[in-house]
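Everything on this sheet refers to the single structure shown next.
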2 protein chains.
Amino acid sequence: MSKKNAFYAQSGGVTAVINASACGVIETARKHKSVIGKVYAGRNGIIGALREELIDTSKESRSAIHGLLTTPSGAFGSCRHKMKSIEENRAEYERLIEVFKAHNIGYFFYNGGGDSADTCLKVSQLSESMGYPIQAIHVPKTIDNDLPFTDNSPGFGSVAKYVAISTREAALDVASMCETSTKVFILEVMGRHAGWIAAAGGLAAQEDGDAPHIILFPEIAFNREKFIARVKRTVKKQGYCVIVASEGTQHKDGTFLAESGLKDAFGHSQLGGLAPTLAQMVKDELGHKYHWAVADYLQRSARHIASQTDVDQAFALGEAAVEMAVQGKNSVMPCIVRGKGKRYSWSIGEAPLDQVANVEKMMPRNFITRDGFNITDAAREYLQPLIQGEAYPPYKNGMPQYVKLKNQLVPKKLKKSFKV
Amino acid sequence: MSKKNAFYAQSGGVTAVINASACGVIETARKHKSVIGKVYAGRNGIIGALREELIDTSKESRSAIHGLLTTPSGAFGSCRHKMKSIEENRAEYERLIEVFKAHNIGYFFYNGGGDSADTCLKVSQLSESMGYPIQAIHVPKTIDNDLPFTDNSPGFGSVAKYVAISTREAALDVASMCETSTKVFILEVMGRHAGWIAAAGGLAAQEDGDAPHIILFPEIAFNREKFIARVKRTVKKQGYCVIVASEGTQHKDGTFLAESGLKDAFGHSQLGGLAPTLAQMVKDELGHKYHWAVADYLQRSARHIASQTDVDQAFALGEAAVEMAVQGKNSVMPCIVRGKGKRYSWSIGEAPLDQVANVEKMMPRNFITRDGFNITDAAREYLQPLIQGEAYPPYKNGMPQYVKLKNQLVPKKLKKSFKV
């Protein structure tokens, strides 16, 4: 095996632990110096490759790279840029090959979700389709937990932990004030098409009657009458009502309760404003005093309360991706396999990329209670292990110490620039 | 000194550390059994006294009471109920005395903010005004940090830490995605009249150019043109712009940018929706993709990342209140006194209650930069020590273990009920 350099890029929405995967990739590549030369990271993801903006990670110290393990968000920058098919945009693929060739890149590690898996798949086929030998391995990542094959996706466990804790904490607040103040509290969480994150809010409950009393999932068509009736009943019984609502909560016809009208590069609608919409509904129908929170980016960047399990898995997947590359594999995705025993255990498996790309894993219906408003014991059993352990970052002066890399670019070798 | 029972109540918006003050009060009272009998806690604050709903804290185990140190929100329930003057509502005071007399209560510990200090002051004067001997001590608490005399208010340090960390984390997220995605991020935080909490967001910055790039304070009249110009300039220079906005951000004429129309029991407007208002403004004027978060109750209940300094001070103030009572004091509030040295230190002082009640401490103008959009080094120097240390709660199964008290009521002795 001749020595080739590696390209690594972060793609799509970042997470609290995507840098832990980067750490896994880079540290493991450094252990295989006989076959892997340098690891170049794309500045702002795949567009870094297209623009020939390659970050030389060999310029980063051992401790800086290790600091990625405790640093949220994408240290090299990420992007929302979906590559079209080769037929539709051959120029982009030709450019990629040009850049890879110029920098002797033979390994492609792509750290992203479902859309990115599709890009990674296309790159993995460049050898066949365009005669450029490359091994492409996808490193799974998405807070949405909607990737197939893998038992769970890195990034999700930490959001889940954040949402579960925030729900429990806010619920204590509401419970203590409800006699004379706020009676209904709504926490809006992410999850466009799948209710995994909203479901995690359900972990806040320990006993019957505990918050959250209502969870709204994208999987269950929103029914205003049933929702209001449930809020009313809960306030009457518990004195207050805590609702965790997925931003993707939708009407029967598939329209979102709160569309802002914007669309991102992948053509997805930008959502927002569900919580105030629901709050207004509660006020109009029941007159209760309400409060609402929208966690937005706070939830996916909350490295300060990341799940240890999530961090461990994110690192292990980055590590496994490099090991697979060294073993000569192509067009695969390392994934998390849950052990069969009663006690939670996990190991690394392998999924074929062509079966991962563009497939969304929805929540099983048996994870949602029959009435559609909460999670079942089956969901609880699945979710609980994913939030285990507190992977606290180091602190200085009361603030978490997140690393800032030098992100030094490799001198360009190509004359032509490329417009992305 | 004859042995009397004590009454303790939590008042107004709860915090991540108000229970730490409760812990200080109860544990210290238990050490003075020769002069203080039982500590009765008001169920849902002062209305618990009016309704004769007294929680017998002696029924709680030592470990449960100690668990209050790591449990957010009000364990006995709180309320928003401002007692009018004796002239305006003599019946309420007569009822209080009736209940106090029936349960041999000679100490009144009131744990709240400015409005509550006013109630506590009135109670402290019952001896003079209505002939009932009682010692009333106010235990300061408010996330708004707007109490006079005390260097800072318990509850604030933890919100400050949460907001500073959340701002830093979300900013990393935005920075890594801004090339192709969100360019403007707005975090709406609490603070109706004083910008202390928004100011704490400024601690997220370490170097020039770091987020937050704009802080909006209630103290500075909002100017749409200047705001938009600053956002535009920041996005041009940094590639993105992070804004921390106080819910109390207001126009020159004193109207809030986002009023929901509701008012609470104290007559304060219920705010909400500032972040989407600002986001819309940015979109209309500059067309940038935006995201916004509203932390709402999440920020004041975030015990999972409470400041150790804040927890220590909250406990110490509860402890000091009891010591002052034992020393025969009345109508005072223990407060935090900052040491003069360069290294942060603090001790407990004492403030006369009649000078605390209904006085709001605004941010000094020299804490805000001349342009009105950020904090100065003076502010930083003041704020930094308050977020020191991470007072992590214990965890079980990946979730913080917050105590749930028995909250067993003392049998009623009065025949008449009282409508609050």
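Fair warning: this is a prediction, and the values are worked out from it, not measured in the lab. Below, read A as the first sequence line, B as the second, and so on, with proteins coming before strands; counting in each chain starts at 1.
- Taking 4.5 Å as the limit, some side-chain heavy atom of B:Lys404 sits within range of a side-chain heavy atom of A:Glu207.
- Of the listed residues A:Gly77, A:Ala204, A:Ala279, the one with more heavy-atom pairs under 4.5 angstrom with chain B than any other is A:Gly77.
- Here the closest non-hydrogen pair linking B:Ser301 and A:Ala170 is OG-N, 3.5 Å.
- Salt bridge B:Arg303/A:Asp173: absent, no basic N to carboxylate O contact under 4.0 Å.
- When every heavy atom of A:Asn397 is checked against every heavy atom of B:Ile387, the shortest pair comes out as O-CD1, 3.9 Å.
- Under the rule for a side chain to side chain donor-acceptor pair (under 3.5 Å), A:Asn44 has no partner lying at least two apart in sequence or in another chain.
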- Item | Worked verdict on B:Tyr297 versus A:Thr182 for side-chain contact (heavy atoms from CB on, under 4.5 Å) | CA-CA 11 Å; B:Tyr297 289 159; A:Thr182 300; 2.5 Å; yes

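- When side chains are defined from C-beta on, B:Met399 does not count as touching A:Gln206, because their heavy atoms never get closer than 4.5 Å.
- The part of A:Ile305 that comes within reach of chain B is its side chain, from C-beta onward, which places non-hydrogen atoms under 4.5 angstrom from that chain.
- Of the listed residues (A:His304, A:Gln10, A:Gln299, A:Gln308), the one with the most heavy-atom contacts under 4.5 Å to chain B is A:His304.
- Only the side chain of A:Phe185 comes within less than 4.5 Å of a heavy atom in chain B; its backbone stays farther off.
- More than 12 heavy atoms of other residues, nucleotides or ligands shown are found within 6.0 angstrom of CG on B:Asp284.
- Taking the charged nitrogens against the carboxylate oxygens, A:Glu169 and B:Arg300 have no contact shorter than 4.0 Å, which rules out a salt bridge.
- Scanning both residues, A:Val14 and B:Ser176, for their nearest heavy atoms gives CG1-OG, 3.5 Å.
- Annotation: ring pair (Phe, Tyr, Trp, His ring centres under 6.0 Å) contacts of B:Tyr162 (sequence neighbours excluded): none.
- The choice from A:Ala302, A:Ala171, A:Pro276, A:Ala295 that makes the most heavy-atom pairs within less than 4.5 Å of chain B is A:Ala302.
- At least one side-chain heavy atom of A:Met177 sits less than 4.5 Å from a side-chain heavy atom of B:Ser78.
- Contacts of A:Lys396 with chain B are absent, with no heavy-atom separation under 4.5 Å from either backbone or side chain.
- Residue A:Leu386: no heavy atom, backbone or side chain, is found under 4.5 Å from chain B.
- At a threshold of 4.0 Å, the pair B:Arg51-A:Glu179 counts as salt-bridged, since one of the basic side-chain nitrogens sits closer than that to a carboxylate oxygen.
- Ring geometry for A:Tyr392 versus B:Tyr392: interplanar angle under 30°, hence parallel rather than tilted (30 to 60°).
- Taking each heavy atom of B:Pro400 and A:Arg168 in turn, the nearest pair found is O-NH1, 2.8 Å.
- A donor-acceptor contact shorter than 3.5 Å links the side chain of B:Ser73 to the backbone of A:Leu172.
- Looking at heavy atoms from C-beta onward, B:Leu187 lies out of side-chain contact with A:Asp296 at the 4.5 angstrom threshold.
- Annotation for B:Gln401: atom CD counts as buried by contact number, over 12 foreign heavy atoms lying within 6.0 Å.
- Side-chain atoms of A:Thr180 and B:Val420, non-hydrogen and from C-beta on, never get closer than 4.5 Å to each other.
- The part of A:Glu390 that comes within reach of chain B is its side chain, from C-beta onward, which places non-hydrogen atoms under 4.5 angstrom from that chain.
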